[in-house]
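All values reported here derive from a predicted model rather than from experimental measurement.
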Amino acid sequence: MNMPFITSKKWLSASVALTVMLLAPGLWAASADRSLPIEIEADAKTTDYQAGIGIYTGDVVIVQGALRATGDKATIYVIDGDLHRAVLEGGPATYRDLDDEGEEIKGEARQAEYLARDQRIILTGAAKIERGGDILSSEVIDYDMAAEVVKASGQQEGDRVRLILMPRGANGE
C-alpha cells in the first residue's frame, strides 16, 4: 500500500509547517518561493527585545509566494539571535502552500509549535493535514524532522487518529 503521509519527507515537511515559515522559510515553501520575502500582517505587533519575544495579534496573515498561513496570534522566541521557538494559534490556525510539483498542501490546528533546536513541529487541537485527497487528523500531530518520524495521537483517552488514503494508480501515483 502506498502511504505518502509516512514516506514522503518533502510533503510532510511542507504540510505541517504552520509556524516554521515565519523565520525559516527555506524549509517549507516551494523551491521557487524560498528566496521571496516573507510578509506578515496583523492588527498589532509587540516586540520585547530584552526577552527575545515578538508577538503578532489579530487576524495574522503570513505570505511567502504561494505559502499562506493565518491565525489569531503568532509568537516568536529568539535566543542569542537564533530562532528558538515559534507558535501560531487560531480558531484554527491554517496553512496552505504548493509543493515543488504544484500540488496543494493544507493544514490546520488550534496551535502549531515549532521547536527549532529539536527540529520538531507539534500541531495540537483538531490537527489536520491534507494532500492529494489524503487526510491525517488527530488531536496531536508531532513531526520530528531530523528522524523523519510522525506521531499522531489523542490528548485524552478515547481520542482517535484518522487517516484517509485516496486510491492510487497501479504505479503508486
Nearest 0.5 Å please: distance from the [atom1] atom of [X] over to the [atom2] atom of [Y].
X     : Y      : atom1 : atom2 : result
Ile62 : Ile40  : CD1   : CD1   : 5.5 Å
Tyr95 : Thr70  : OH    : OG1   : 12.5 Å
Glu89 : Asp72  : CD    : CG    : 8.5 Å
Tyr77 : Leu115 : OH    : CG    : 11.0 Å
His84 : Tyr114 : NE2   : OH    : 11.5 Å

Holding to side-chain hydrogen bond (donor to acceptor under 3.5 Å, both in side chains), I want the full list of residues that pass it with [X], two or more places apart in sequence or in another chain.
X      : value
Lys151 : none
Glu103 : Arg131
Asp142 : Arg120

If only atom types and distance count, is the side chain of Asp159 paired as donor or acceptor with the main-chain N or O of Gln156 below 3.5 Å?
yes

side-chain contact (heavy atoms from CB on, under 4.5 Å) involving [X] - partner list, sequence neighbours excluded:
X      : value
Val140 : Ile122, Thr124, Ser153, Gln155
Ile55  : Ile53, Thr57, Lys73, Thr75
Ala126 : Arg110, Glu139
Arg162 : Ser137, Ile164

Taking salt bridge (charged side-chain N to carboxylate O under 4.0 Å, His left out) as the cut-off, I'd like each qualifying pair that reaches into residues 79-88, sequence neighbours left out, listed once.
Arg85-Glu113

Heavy atoms, side chains only, cut-off 4.5 Å: are [X] and [Y] in contact?
X      : Y      : value
Glu108 : Lys106 : no
Leu123 : Ile129 : yes
Val150 : Ile141 : yes
Arg96  : Thr94  : no

Ion pair check, Lys128 and Glu130, cut-off under 4.0 Å:
yes

Using every non-hydrogen atom in the two residues, find where Asp97 and Ala66 come nearest and quote the distance to one decimal.
OD1-C, 3.6 Å

Closest heavy-atom pair and its distance - Ala152, Ser138
C-OG, 3.8 Å

Nonpolar side-chain network containing Ile79, other nodes, edges under 4.5 Å:
none

If you group Ile, Leu, Val, Met, Phe, Trp and Tyr whenever their side-chain heavy atoms sit less than 4.5 Å apart, what else falls in with Val63?
Val61

